[in-house]
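Since the model is a prediction, treat every value here as computed from it, not as a measurement.
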Amino acid sequence: MTRRLVMVRAMTPYDVRRGPELTGQLVQPDGSQFLVRSGAGFERTGTQGPLLDEPSVSRERLKVLLTGPEVRPEKP
């Protein structure tokens, strides 16, 4: 006798479809962290528009944000 399990997933109002996302993390020598996240949004019932094709902040811009002088530790 062969048994098969068939899973059927019904869509509910809480189902969310997410677009691409980029994340970055900078850990300072003192242990503090700077976290950055850029996403293309999500779709579900009640959203205001479609997903973007790509995150609103590019990979290059995230790199600039994480390596810029604004986030470097101050020298004593």
Any residue meeting side-chain hydrogen bond (donor to acceptor under 3.5 Å, both in side chains) with R18, in chain and number order, not counting sequence neighbours | none
Excluding sequence neighbours, so at least two apart, what forms side-chain hydrogen bond (donor to acceptor under 3.5 Å, both in side chains) with E54?
-> none
Is there any side chain to side chain donor-acceptor pair (under 3.5 Å) pair reaching into residues 25-34, and which pairs are they, with sequence neighbours excluded?
-> Q25-Q33, D30-S32
Where is the tightest heavy-atom contact between L51 and G19, given as atom of each residue plus distance?
-> CD2-N, 3.7 Å
State the CG-CG distance between L26 and L62, to the nearest 0.5 angstrom.
-> 12.0 Å
What pairs with R61 under side chain to side chain contact (heavy atoms under 4.5 Å, CB included), at least two apart in sequence or on another chain?
-> V57, S58, V64, L65
